[in-house]
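The block underneath contains the structure these notes are about, expressed in structure tokens.
Model, not experiment: these values are computed from the prediction.
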Amino acid sequence: MKEQVLPGIGTKYSLTTLDGLNIVIVLHTNGKRELYIVNEDEDVDYNVALTSDEAKDIGLKLIDINHDTIDEAEFERFNIFRKKKIMDWIKVHRFQV
């Protein structure tokens, strides 16, 4: 999967499936998620906007997280991916000397 930063927009991920289908995912900095199916000329054949919950649900289904059939390596890869995407805010106090 290729990753490209889109300044002021977010991040674009693209891949070509084994069947030759070109899929593009755009994660906007404002939280919007878009999935595109594009043809060889990079014209959009189909696109869909997803909420955060919809994207998570689809992702979980694709890696079969809700069933016992998930491969342990796949689950670990998902865990690593999930941990990278979580942000935690820590309050830092400024001390003057």
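For the atom pair CG of Asp53 and OG1 of Thr51, the computed distance is 5.0 Å after rounding to the nearest 0.5 Å. Interatomic distance, CG of Leu27 versus NZ of Lys32, reported as 12.0 Å (0.5 Å rounding). Atom CD1 of Ile37 sits about 8.5 Å away from atom CG of Asn22, to the nearest 0.5 Å. Here the CD atom belonging to Glu34 is positioned 9.5 Å from the CD1 atom belonging to Ile9, to the nearest 0.5 angstrom.
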Q: Verify side-chain contact (heavy atoms from CB on, under 4.5 Å) between Arg33 and Ser52, making sure each step is shown before the conclusion.
A: CA-CA 7 Å; Arg33 290 152 170 81; Ser52 175; 3.8 Å; yes
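Within the 4.5 Å cutoff, the side chain of Asn47 has no heavy atoms near those of the Leu35 side chain. When side chains are defined from C-beta on, Thr11 does not count as touching Leu6, because their heavy atoms never get closer than 4.5 Å. Counting heavy atoms from C-beta outward, Val24 and Lys12 have side chains that approach closer than 4.5 Å.
A donor-acceptor pair under 3.5 Å is absent between the side-chain atoms of Thr16 and the main chain of Gly20, judged by distance alone. Of the possible polar contacts, one joining the Asn39 side chain to the Asp41 backbone as a donor-acceptor pair under 3.5 Å is found.
Linking Ile, Leu, Val, Met, Phe, Trp and Tyr residues whenever their side-chain heavy atoms come within less than 4.5 Å leaves Tyr36 and Met1 in two separate clusters. At a threshold of 4.5 Å between side-chain heavy atoms, the hydrophobic network of Ile, Leu, Val, Met, Phe, Trp and Tyr places Ile25 and Leu15 in one connected group.
Residue Glu3 qualifies as enclosed at atom CD: its count of foreign heavy atoms under 6.0 Å is above 12.
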